[in-house]
Every structure is written in structure tokens, then in C-alpha cells.
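Please read the structure below before turning to the comments.
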Amino acid sequence: RKEVEQDPGPFNVPEGATVAFNCTYSNSASQSFFWYRQDCRKEPKLLMSVYSSGNEDGRFTAQLNRASQYISLLIRDSKLSDSATYLCVVHRTGRRALTFGSGTRLQVQP
Amino acid sequence: GAGVSQTPSNKVTEKGKYVELRCDPISGHTALYWYRQSLGQGPEFLIYFQGTGAADDSGLPNDRFFAVRPEGSVSTLKIQRTERGDSAVYLCASSSTAGTEAFFGQGTRLTVV
């Protein structure tokens, strides 16, 4: 089983839609969580960190459920520019590197 | 510039050749990571440096891969006897401390023919 698992998609949604992605992680020692965004043929860039209490940044909301070991990302009022691959990223105690999921591809259509 | 810089951006090499990929991290970042990304996959961890030392090289696939960071800044990933399966985008990232936000370079696209 992969340490971080995501539905690869693609998620095809119309502009203005709300879309949610989930990500599960296998190691309960995981302590830090992030969502990165990656555009086609570009490097990953941090979208937002994920805090235990949940956090919001404009149209984006991230939630963490430690008991079920999953992280979610909600995007409201989708824009064409939101089309990208969203990578779930986990850092666990004792492992210095970030572990990435395979990514979920989002395509927002006009 | 202020970001992570990787050179070359593209490298085509013949099977069996040796290649070096360079990464110049953000100034002051002590943590440096190498990842490899194949099409449709997330970045796969290769090696992590804290300062000059390789603190975790558990992701290196075999002994053909080696990386150095002699002065705690620039790092070089070295691949010997390249194989077609080594073709991928090699990403370098740096962060101020381990486990915090990592900033990526634009990657080196390696193609082994």
C-alpha cells in the first residue's frame, strides 16, 4: 500500500462548481500535511498547509481527520485557472523528506 | 534569482553514459531534496541533505545514483551507466528546515535514448 493515496481523476467540472479531493495516508506518525499544486510540465508549488483545526484560504478549504487518516481539499467557485494536478503531501516523524501522493487532476471547463 | 535553480533544463544522453544534474537552492536553506517524477506520478523521494551530509539516501534506486553537496549549498546528482528507465524529470527542492514547505526548481528533464 502506498504511503499517500489519491484518486487520480480526472475531475471534470464546470466553472463555478465546488469540487472536493480526498487523500489518505497510511502512517499514523505523520505530523505535517500540505496540498501542492502542479501545472502541466511545471514544478509543484505549495497551495496550502493543512492544520488540525482545518483552514481556509479564499476559495480553498483544507481539512485533516487524524482518526481516519485522511486530508481533504475543497475548492469553491472553480475557475478555469484552477485546472492543474493537486498533490497531497505528508511529512512524518522520523522521516525528513516530504512524501507525495500521485496527484489528482482537475480540469475546469467553461 | 531568489528561487531554486536547476541546470540543465533538458538533457538527452545515450544509454550507458554518465550524467550530472545540478541544483542551486535558495540561499540560507539548509535542507535540500532530490525527487524524481515520471509522467502521471507524484514526485518520488531520492535523497535528502541537511547541510553537507546526506541525512537520508533511502530513496536512491541503486548504486548508479549518487549525490553530493560539498559546501552545503549547490548539490549535484550523478547517474552512472544511465538506462532508459532513468528517463524522468529530476526535481530539486530546498527548505529552511526539514519537513517544512519545500520550494522546487523547474526540474531537469532527462531522456536516455
Problem - chain B-proximal positions within residues 98-110 of chain A [heavy-atom distance under 4.5 Å] - result: A:Leu98, A:Phe100, A:Gly101, A:Ser102
Exercise for the section: If the plane angle is over 60° it's perpendicular, under 30° parallel, otherwise tilted; pick one for A:Phe21 and A:Trp35. Expected result: tilted
Handout entry: Any side-chain donor near an acceptor of the partner, B:Tyr33 and B:Ser95, under 3.5 Å
Key = yes
Problem - ILVMFWY network linking B:Val4 to B:Leu91, side-chain heavy atoms under 4.5 angstrom - result: no
Practice task
Answer yes if the side chains of B:Tyr35 and B:Gln37 hold a donor-acceptor pair under 3.5 Å, and no otherwise.
Solution key: no
Problem - Closest heavy-atom pair and its distance - A:Ser28, A:Gln69 - result: CB-OE1, 3.4 Å
Problem - Contact residues of residues 37-58 of chain A (partner chain B; heavy-atom separation under 4.5 angstrom) - result: A:Gln38, A:Arg41, A:Glu43, A:Pro44, A:Leu46
Exercise for the section: Would you confirm whether B:Thr82, through its side chain, and B:Glu14, through its main-chain N or O, come within 3.5 Å as a donor-acceptor pair? Expected result: yes
Handout entry: salt bridge (Lys or Arg N to Asp or Glu O under 4.0 Å): pairs with one or both residues in residues 41-50 of chain B, sequence neighbours excluded
Key = B:Arg36-B:Glu44
Side-chain donor/acceptor pairs under 3.5 Å, residues 45-57 of chain B, sequence neighbours excluded:
{"unit_1": "B:Tyr48", "atom_1": "OH", "unit_2": "B:Gln50", "atom_2": "OE1", "d": "2.6"}
{"unit_1": "B:Gln50", "atom_1": "NE2", "unit_2": "B:Thr30", "atom_2": "OG1", "d": "2.9"}
{"unit_1": "B:Asp56", "atom_1": "OD1", "unit_2": "B:Ser58", "atom_2": "N", "d": "2.9"}
{"unit_1": "B:Asp56", "atom_1": "OD1", "unit_2": "B:Ser58", "atom_2": "OG", "d": "2.6"}
{"unit_1": "B:Asp56", "atom_1": "OD2", "unit_2": "A:Arg95", "atom_2": "NE", "d": "3.4"}

Practice task
Determine whether B:Arg22 and B:Gln6 make a side-chain contact, defined as any pair of heavy atoms from C-beta on separated by less than 4.5 Å.
Solution key: no
